[in-house]
Amino acid sequence: MRRTTYIQAINEALREEMARDENVFLIGEDIGHYGGLFRVTRNLLDEFGEKRVLDTPISEQAFMGMALGAATVGMRPVVELMYMDFTLVAADQIFNQIAKYHYMTGGLLKIPVVIRGQQGGGKHYGSQHSQSVDSLYAHFPGIRVVAPATPYDAKGLLKTAIRDDNPVAFLEHKMLYFTRGEAPPPDEEHLVPIGKADVKRAGSDVTIATFSYCLYQALEAAETLEEQHGISCEVVDLRTVEPLDTETVWESVAKTGRLLAVHESYANCGVGAELVARAYEEAPYLLRAPARRLGMAPVSIPVSRVLEAEVLPWKEEIVATVLEMERR
Amino acid sequence: MRRTTYIQAINEALREEMARDENVFLIGEDIGHYGGLFRVTRNLLDEFGEKRVLDTPISEQAFMGMALGAATVGMRPVVELMYMDFTLVAADQIFNQIAKYHYMTGGLLKIPVVIRGQQGGGKHYGSQHSQSVDSLYAHFPGIRVVAPATPYDAKGLLKTAIRDDNPVAFLEHKMLYFTRGEAPPPDEEHLVPIGKADVKRAGSDVTIATFSYCLYQALEAAETLEEQHGISCEVVDLRTVEPLDTETVWESVAKTGRLLAVHESYANCGVGAELVARAYEEAPYLLRAPARRLGMAPVSIPVSRVLEAEVLPWKEEIVATVLEMERR
Amino acid sequence: MKPVENEPNVEISGKSAAAPNSEAEAETVESAVSASISTEVLPSDSATELDVPALPTEMLLEMYRKALAIRLMERALLAAAEEGQIGGAMHTAIGHEANAVGAANALRKGDYVTCTYRGHHHGLAWGMDPGRAIAEVMGRSDGFAKGKGGSMHFVSPENGMMGANGIVAAQVPHAAGLALASHLRGEDTVAITFFGDGALFQGVMHETFNMAAKWKLPLIFYCENNRYSEMTPIWRTSSIEDIFLFPRAYGMETMQIDGNDVEVVHAAVSKAAERARCGAGPTFIEGITYRLAGHMAGDLETYRPAEEVEKQEAYEPLTVLRQKLTARGVDEASIAVIDEEVDEMIEDAVDFAEESPWPDAAETYRDVYV
Amino acid sequence: MKPVENEPNVEISGKSAAAPNSEAEAETVESAVSASISTEVLPSDSATELDVPALPTEMLLEMYRKALAIRLMERALLAAAEEGQIGGAMHTAIGHEANAVGAANALRKGDYVTCTYRGHHHGLAWGMDPGRAIAEVMGRSDGFAKGKGGSMHFVSPENGMMGANGIVAAQVPHAAGLALASHLRGEDTVAITFFGDGALFQGVMHETFNMAAKWKLPLIFYCENNRYSEMTPIWRTSSIEDIFLFPRAYGMETMQIDGNDVEVVHAAVSKAAERARCGAGPTFIEGITYRLAGHMAGDLETYRPAEEVEKQEAYEPLTVLRQKLTARGVDEASIAVIDEEVDEMIEDAVDFAEESPWPDAAETYRDVYV
Ligand SMILES: Cc1ncc(C[n+]2csc(CCOP(=O)(O)OP(=O)(O)O)c2C)c(N)n1
Ligand SMILES: Cc1ncc(C[n+]2csc(CCOP(=O)(O)OP(=O)(O)O)c2C)c(N)n1
Ligand SMILES: [Mg+2]
Ligand SMILES: [Mg+2]
């Protein structure tokens with residue numbers, strides 16, 4: 001079995017899709033000649049030239065808007081935001097424009113734009129370079145949101161995202177970039193569907209629904225819970241945040257009777273709260289204990305590593321919350 | 001008892017606070033010489049001059065950032081966004097800067113900025129002029145969010161907001177502007193605290209927690225439910241969305257055993273989902289039926305009045321949802 | 001026709017920007033601008049340096065028909081709004097017609113346009129059907145966007161009309177994206193984007209100017225300068241005295257033209273399109289025009305004197321066009337025939353819209369995703 | 001000292017912007033710029049039109065001390081980062097020192113500064129304590145922001161240092177707000193804001209230029225032009241050939257200066273501050289400088305040739321300052337004493353920071369709200 005890093009998986013997906021469809025082009029800061037701050041787009045300019053890999057000035061609003069314009073006539077722009085925090089700089093073009101254009105035009109125009117880049121904490125980048133924006137994107141209808149955790153899923157989902165006629169936010173995570181995992185052979189038609197969760201660990205007592213880097217934290221927490229407390233967790237990797245694959249989650253909760261949603265974006269008005277609310281709307285009878293969620297604490301992410309560790313909803317907090325849920 | 005319109009209440013609050021504290025100034029588009037597109041700031045330029053009421057160009061990012069800068073040295077800017085949808089144009093300055101500055105500076109600087117303007121549907125303004133942004137603001141820590149429904153609360157909360165040392169988003173609603181209600185005598189030290197909900201209707205069967213224009217829809221729904229179905233709803237006006245006064249809500253749910261949260265911002269990852277999630281975190285034992293929430297349907301708000309009526313979580317939908325909850 | 005009160009200040013290319021040398025001078029320039037630009041008109045004969053060829057009479061007649069259709073549709077819409085048939089924010093283009101009609105006629109099938117919420121004139125000039133347009137504004141099912149977009153979101157891809165926008169200046173990078181698509185595909189299509197004088201101070205304009213100039217995109221920036229940003233005159237909030245000179249800082253070609261004269265607009269846009277098609281990059285055109293109606297339906301217009309509007313009515317696009325036609329020997333009677341035909345067309349269009357059914361509630365949930 | 005290879009192109013006020021007259025000319029200018037500005041240095045003696053008075057030797061010595069402290073702190077921080085003591089994005093200002101030191105010394109107590117994530121030099125120049133600064137970068141409890149802000153968020157209100165920022169250009173309107181506060185209160189304080197060449201193309205810059213110029217705010221825009229935006233040379237993404245000429249379109253005073261020479265920087269900022277204080281409005285200063293270290297800690301610098309950096313090392317702020325001191329008759333020995341003192345101070349500062357305890361976990365939840 002071939003293995004790649006997460007970065008390499010994304011790079012491969014980009015290369016394959018660019019080769020397959022000449023309408024695909026990349027646009028963003030430092031992505032061309034340099035190959036991207038995190039080297040995700042390395043070598044692509046050499047292979048496809050300056051017209052397919054555009055180095056922009058620091059003008060997120062305008063190049064996001066340009067992506068929309070180009071997409072209306074069938075181009076398939078893949079926009080890199082160097083840090084997903086910069087979503088806020090281009091927020092009007094993303095949420096007032098890209099997410100709404102198909103609807104506002106009564107379906108006359110399609111906006112197949114992919115917005116990709118890395119998010120998340122863990123590397124002490126502080127308040128403006130560590131935010132997770134999945135909940136923010138999910139709040140606005142009209143844009144798909146995917147956040148794969150493994151190289152395998154990342155490659156397959158990015159290829160699907162590029163071919164999707166909807167705008168898609170493709171959220172990477174800085175802690176995942178150098179992780180390695182199974183990868184499909186290059187150039188294969190390897191597609192992972194948007195909107196389909198994947199059970200990454202089977203279990204019987206508690207369902208942990210999560211995605212992106214938190215998946216690994218949840219898996220580790222599950223190990224600890226199993227070993228030290230005899231609690232068996234099923235870990236569902238949502239992979240897609242919009243639309244949420246609640247079917248797979250309810251299937252799991254039907255077995256476990258307990259649901260904990262975990263994500264790194266702010267807990268307040270976050271995806272976890274959403275999942276809890278939907279559980280009580282759609283499948284309250286499945287729950288044997290109150291459904292819970294964990295997200296980023298309501299503070300601006302601090303730089304200091306001890307403070308940052310405190311706000312991230314990682315392993316220890318997952319373990320503690322599951323234990324609390326079991327006590328009910 | 002004196003009565004005023006909602007607009008007049010806000011205008012009075014601005015005038016009184018400007019007279020009381022010379023650090024208070026207003027900044028925004030068309031607010032000075034013209035008096036504001038919705039005439040909320042009318043006459044204030046005449047009274048306080050061009051240095052206290054600044055007409056800006058259409059440059060939301062920059063004037064929002066300027067408000068931050070001025071606030072760091074003790075000025076108290078009140079920024080008008082003509083439509084709260086334009087939050088997205090200035091999103092970096094609001095969420096990456098204003099909301100975080102106190103924290104990022106380790107508490108060294110305070111940002112007493114008020115961002116105010118009207119939001120909401122009901123007048124067929126369509127996708128880019130009708131959004132409710134309360135959930136969006138609430139997602140980011142560091143900024144208070146208030147959304148009063150009555151002239152009385154609007155005046156008292158705006159005065160409190162201007163005196164608050166935190167940034168505050170003060171969300172008005174276009175359907176409320178010409179509503180009338182009780183008002184305290186002018187120039188009185190009438191302050192309504194931030195973070196305190198208010199029970200606007202007593203009831204025993206279901207708690208409806210809501211705010212802004214939805215309050216009136218909830219009150220009407222409560223009437224219908226009482227008259228036609230004999231269901232008694234307690235309507236809690238949250239008034240403040242951040243922080244949420246869950247204490248008052250749980251007190252009510254302790255009586256009713258049922259909770260329905262209603263707001264006009266998107267349901268998905270919204271304040272309602274948050275309230276449901278907190279109910280199961282903090283007070284699950286109070287609930288005799290699954291807690292529910294209602295918000296804007298996940299579509300970009302359409303112009304056509306029949307389509308718009310369909311997406312707004314108003315009276316009919318509240319009635320229908322309460323009936324569903326009662327059936328459980 | 002109003003006599004020329006100012007020096008001609010329409011110029012094209014080659015002239016360099018003269019920044020004021022002192023504050024005193026800057027002040028003088030500013031008040032001169034606010035006194036002149038904000039209230040005066042620029043007759044087309046002052047367009048000394050732009051070569052404005054006379055267009056064929058047939059084409060002028062066609063343009064007159066279009067401009068009149070726009071005017072009458074706008075009046076009908078204002079009436080409908082007063083009756084309560086239209087909600088939200090409806091901005092009419094009365095007085096702006098020549099900018100749209102002149103530009104549309106100078107471009108080709110396959111070219112693209114994006115514009116602002118004040119976009120009805122662009123819609124019609126680019127070939128949209130008035131009946132479906134009115135239906136859209138009224139939120140009916142026969143609206144081109146099924147009533148979802150309304151007045152602020154005119155769109156018609158088959159006509160190259162790629163969208164109006166409710167967010168000031170947001171449509172500008174969209175057009176740059178269309179131009180980028182042409183550029184990347186090696187096509188010779190051109191994109192034009194319309195925006196107002198107030199839009200110039202949105203940051204995204206600057207960002208787009210820079211990239212469009214850098215990449216030499218086939219793009220035409222067209223500023224419909226009606227001297228007001230909603231209720232605020234432009235000089236009150238800007239330090240830029242001559243809009244058309246400003247984009248030169250990016251190394252762009254710029255022109256200031258009479259936006260009330262279709263022939264001038266046609267000449268300017270033709271020239272810009274030619275430059276764009278041969279790879280010479282973007283051009284900025286400032287069309288001086290005037291909004292004869294309120295900023296939006298319901299505007300009481302307390303912020304400008306009635307005389308200012310009256311003055312402008314003496315030199316507005318339809319008057320200018322009629323004078324041109326008369327000068328070409330088109331007689332009153334022929335014009336009256338057109339007037340009647342167009343009037344009837346718009347009446348029919350209103351009837352069509354009013355009879356169009358409301359969209360089905362289920363339509364609400366379509367088109368969120370493909 | 002490197003010989004002058006270019007025409008002096010430092011000028012101040014009065015000159016008007018000469019836009020290229022043809023595309024061919026534009027191309028020439030562009031390549032000339034990329035060939036010269038991006039790799040050449042501008043010695044201070046080319047500052048022909050800015051009156052640069054010789055500063056007292058005492059002041060130069062003080063500035064040398066500051067600039068050296070910055071340099072040594074940055075080197076210490078890079079070493080600490082390599083040891084894994086510092087995470088996130090840490091941008092050092094090695095090579096940029098003169099911009100900060102020259103500017104800070106030209107301003108008064110009560111004036112304000114905001115700057116970018118590359119802000120360590122501004123912090124120290126404005127009087128921040130190196131020990132607490134290093135502690136902040138390391139995330140320790142004695143950091144001025146208790147470890148919450150880190151390298152990208154230097155702040156010290158008591159010194160007028162009102163904040164560095166991780167979002168490119170976001171600090172620029174903040175400074176305009178500080179200037180606005182002075183303006184509204186009728187105070188004669190001035191604000192200065194530092195940003196990079198890459199920041200120029202953020203829309204918010206344009207918005208701020210416009211309002212600052214319109215309201216004649218007491219504001220100094222200071223662009224530290226190090227010719228790179230992260231790993232991308234400025235000419236690759238911009239159509240603006242001469243940064244310092246661009247803001248003239250807003251009617252602003254502009255200067256292009258040698259940002260490696262404290263005396264030149266001091267003179268330019270003094271002049272701009274004087275203008276600002278007497279109500280004449282904002283000034284734009286382009287300080288040509290060079291970043292001798294990577295964009296941030298860990299940068300492998302594959303995007304620029306080593307010779308380019310070497311060349312610049314011959315004309316960098318500390319070298320220039322030492323030459324000045326020597327020319328004034330300050331002997332090697334006195335300089336060596338300072339070198340030793342500063343070296344010791346920074347070593348102590350590092351020790352202080354390393355011994356500073358980690359913040360208490362409870363600290364996490366403070367300062368979200370007042
Ligand atoms: C980002 C944003 N800010 C403010 C508004 C509100 N607004 C709508 S039109 C307008 C004035 C625009 O003036 P101008 O660009 O001159 O165009 P005109 O309306 O005169 O055609 C304003 C401020 C908006 N729609 N979008
Ligand atoms: C809005 C935003 N976009 C992108 C970045 C990433 N970024 C950080 S520094 C930088 C380059 C800035 O270059 P310049 O303004 O020249 O300053 P320098 O780093 O050279 O001092 C970029 C793109 C950011 N921090 N903020
Ligand atoms: Mg205008
Ligand atoms: Mg730089």
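Worth knowing before you read on, the calculation uses all heavy atoms, side chains too, and leaves out hydrogens, waters and symmetry mates. Chain letters run A, B, ... following the sequence lines, proteins first, then strands; residues in each count from 1.
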**Asked** Do A:Q61 and D:Q202 have side-chain atoms, one donor and one acceptor, less than 3.5 Å apart?
**Response**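 No pair is found: no donor N or O on one side chain lies under 3.5 Å from an acceptor on the other.
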
How far does [atom1] of [X] sit from [atom2] of [Y], to the nearest 0.5 angstrom?
X: A:L54; Y: D:T237; atom1: CG; atom2: OG1; result: 11.5 Å
X: A:R305; Y: D:Q85; atom1: CZ; atom2: CD; result: 8.0 Å
X: A:R39; Y: D:L300; atom1: CZ; atom2: CG; result: 8.5 Å

Could you tell me which of [options] has the largest number of non-hydrogen atom pairs under 4.5 Å with chain D?
options: A:S300, A:A309, A:P302; answer: A:P302
options: A:E60, A:H124, A:Q128, A:M82; answer: A:Q128
options: A:L88, A:I301, A:V311, A:V299; answer: A:V299

**Prompt:** Should we say atom CD of D:E354 is surrounded by more than 12 heavy atoms from elsewhere, each under 6.0 Å from it?
**Reply:** yes

Pick one of side chain, backbone, both or neither for [X], based on which atoms fall under 4.5 Å of a heavy atom in chain A.
X: D:M152; answer: side chain
X: D:H295; answer: neither
X: D:I86; answer: backbone
X: D:M296; answer: side chain

**Prompt:** chain A: which of D:G150, D:A199, D:G203, D:G147 shares the most heavy-atom pairs with it under 4.5 Å?
**Reply:**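 Winner by heavy-atom pair count: D:G147.
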
**Residue, of D:L200, D:V137, D:V204, D:N165, that accumulates the most heavy atom pairs under 4.5 Å with chain A** =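 Sorted descending by pairs with chain A, the first entry is D:N165.
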
**Prompt:** Which atoms of A:E29 come close to chain D, meaning under 4.5 Å heavy atom to heavy atom: side chain ones, backbone ones, both, or neither?
**Reply:**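 Neither the backbone nor the side chain of A:E29 comes within 4.5 Å of chain D.
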
**Message:** What part of A:T56 gets within 4.5 angstrom of chain D, counting heavy atoms only: side chain, backbone, both, or neither?
**Reply:** backbone

**Message:** Apply side chain to side chain contact (heavy atoms under 4.5 Å, CB included) to residues D:K148 and A:L307 and explain how you reach the verdict.
**Reply:** CA-CA 8 Å; D:K148 292 178 176 173; A:L307 303 183; 3.9 Å; yes

**Request:** Taking all heavy atoms of D:E230 and all of A:D30, pick out the closest pair and write down the distance.
**Result:** OE1-OD2, 3.1 Å

**Message:** Tell me the closest heavy-atom pair linking D:F201 and A:P57, and the distance in Å.
**Reply:**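 Looking at all heavy atoms of both residues, the shortest contact is CB-CB, 3.9 Å.
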
**Positions in residues 357-370 of chain D that reach chain A, provided some heavy atom is under 4.5 Å away** = D:W358, D:P359, D:D360, D:A361, D:E363, D:T364, D:Y365, D:V368

